[in-house]
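All ligand and atom numbering here is 1-based and tracks the order in the structure. All heavy atoms count here, side chains included; hydrogens, waters and symmetry mates do not.
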Amino acid sequence: MTSPQDLASRSRAAVWHPCTQMARLAHLPPLPIARGDGPWLIDTDGRRYFDANASWWVNLFGHSDQPLLDAIKAQLDTLPHVMLAGCTHEPAVRLAERLSARTGGALGHVFFGSDGASAVEIALKQSFHSWKNRGQPDKREFVCLKNSYHGETLGALSVTDVQVFRDAYDPLLMRAHIVQSPDARLANEAEALAAMRALLAERHAQIACVIVEPLIQGAAGMVMYSPAYLKGLRELTREFGVHLIADEIAVGCGRTGSFFAWEHVLALDEKCNHRGTETQSEARHKWPDFLLLSKGITGGTLPLSLVLTTDEVFAAFWSEDVTRGFLHSHSYTGNPLACAAANAVLDRFDAGQLDANREQAERLTRAFAPLAPRVAHLRQRGMILAFDVPEAPPRFAEAFHLKARAHELLIRPIGNTVYLMPPYLIDDATAAFLADAVSKTLNDVLA
Ligand SMILES: *Cc1c(COP(=O)(O)O)cnc(C)c1O
């Protein structure tokens with residue numbers, strides 16, 4: 001067996017790591033991971049690390065989750081892949097039907113992509129093209145929020161406002177409108193909506209869509225805001241005839257306490273509508289025009305993304321004219337193995353995963369409460385918990401990541417924001433372990 005040092009140095013030579021300044025790897029050698037077991041990753045020396053960021057937010061039920069592996073193995077024995085143009089298959093159809101049903105049919109048409117960025121590209125193209133097909137080709141501008149993150153291909157990067165990812169490529173990008181973002185720490189949600197109103201009032205004839213990360217701007221440093229902002233944004237985009245894209249790539253699949261984060265927006269009205277007088281079309285109107293899923297949808301096993309959209313958008317492409325269709329594809333579009341994994345993920349939610357998550361989130365709340373006096377803006381939405389570290393030393397994130405390893409914790413802060421986005425496997429002992437490991441790491445880094 002190769003030693004961990006060997007594997008790390010071979011990796012440095014042969015593998016160009018993502019999101020990494022390769023020159024820093026001498027100080028920050030990549031962990032050589034041999035296998036995963038539940039929330040734990042085990043390195044080639046047999047040391048274990050709790051996967052507190054769920055391997056970039058994808059892992060929902062831990063590593064080597066048996067029902068997921070069984071679903072993939074069963075699919076592997078019958079049909080690992082077939083193209084989705086000219087063919088179809090049960091796992092894709094079933095997945096599309098089940099996701100549509102979870103929106104009450106509001107978003108009943110599902111386009112498959114391979115990763116999050118491709119889903120963003122697909123939604124932007126579909127929005128523009130649907131306006132064009134309906135005789136409004138001037139609606140070709142995109143709107144995103146300040147500090148937003150929607151992926152790193154050129155189209156997705158054009159609606160991303162995180163400087164470290166964007167600045168080097170800025171000359172290549174489309175010019176999107178970047179509007180003030182809501183942030184509960186600043187209590188600025190009304191102001192942010194007013195800024196959006198001003199832009200839409202002026203440019204709605206040129207604007208195709210607004211794209212947002214519902215409730216939490218992840219890569220910005222787990223910036224949280226209220227569902228009321230989203231409700232206001234939905235009303236504004238309806239008023240001005242602009243599409244709304246909900247990028248739930250990070251926050252979908254139960255992360256926030258409901259399957260779709262958008263359900264928190266619908267819940268605002270359910271409180272006033274307990275007599276159930278709402279018509280089906282009123283209910284459909286409250287959903288976004290596009291909703292994107294990826295990351296957690298396969299529980300961290302295989303790459304897959306989905307773009308859910310409305311009858312209205314779908315109908316704009318319906319024609320005898322081929323070029324009015326959406327002629328977009330990726331080689332692995334709707335891969336059956338990935339769809340089988342996603343169906344197994346949905347099985348978990350059908351069997352009450354959200355109830356379990358509610359309890360798990362409460363365990364995290366209780367375990368981390370004692371940390372509040374030492375940190376700033378301790379905040380939580382469902383299974384995402386974050387806090388800021390005031391007066392953090394330079395290279396804080398790197399130092400925290402390194403020191404945490406000694407406390408059996410794999411965690412990568414964003415700037416001065418430490419966050420947990422763990423697999424849905426939090427019992428009392430695990431919550432206590434996490435709070436203790438985070439607290440000890442803070443001691444080490446701030447010492
Ligand atoms: C991760 C992420 C993306 C991009 O997904 P990739 O699979 O990394 O391309 C887009 N939007 C949001 C909100 C994300 O968190």
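- At the top of the distance list for atom 11 (N) of ligand 1, counting protein heavy atoms only, stands Asp247 OD2, 2.6 Å.
- If you take OH on Tyr225 and CG on Leu186, they are separated by 14.0 Å, rounding to the nearest 0.5 Å.
- Close N/O approach between Gly151 and ligand 1 is not found [any backbone or side-chain N/O within under 3.5 Å].
- Salt-bridge formation is not detected for the pair Arg203/Asp138: no Lys NZ or Arg NE/NH1/NH2 atom is positioned less than 4.0 Å from an Asp or Glu carboxylate oxygen.
- Nearest protein heavy-atom contact of atom 7 (O) of ligand 1 is Gly116 N, 2.8 Å.
- Atoms of ligand 1 lying under 4.0 Å from any heavy atom of Ala250, numbered from 1 in the order shown and given with element: 15 (O).
- For the ligand labelled ligand 1, residue Trp57 lies inside the 4.0 Å heavy-atom shell.
- Shortest contact from atom 9 (O) of ligand 1 to any protein heavy atom: Ala117 N, 2.8 Å.
- Environment of OH in Tyr332: sparse, with no more than 12 heavy atoms of neighbouring residues, nucleotides or ligands closer than 6.0 Å.
- The protein non-hydrogen atom at the shortest distance from atom 14 (C) of ligand 1 is Lys295 NZ, 2.9 Å.
- The distance from ligand 1 to the heavy atoms of Glu213 drops below 4.0 Å at these ligand atoms: 13 (C).
- In the vicinity of His150, heavy-atom distances shorter than 4.0 Å reach the ligand 1 atoms 10 (C), 11 (N).
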Is there a side chain to side chain contact (heavy atoms under 4.5 Å, CB included) between Val307 and Ile245? Walk through the geometry before answering.
CA-CA 10 Å; Val307 177; Ile245 303 174; over 6 Å; no
Steps toward side chain to side chain donor-acceptor pair (under 3.5 Å) verdict (His243, Thr237)
CA-CA 6 Å; His243 287 145; Thr237 47; over 6 Å; no
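- Figure legend: cation-pi geometry between Arg102 and Phe259, with NZ or CZ positioned under 6.0 Å from the six-membered ring centre and within 45° of its axis.
- Paired with His109 under the rule side chain to side chain contact (heavy atoms under 4.5 Å, CB included), one option of Asp311, Thr310, Leu308 passes, and it is Asp311.
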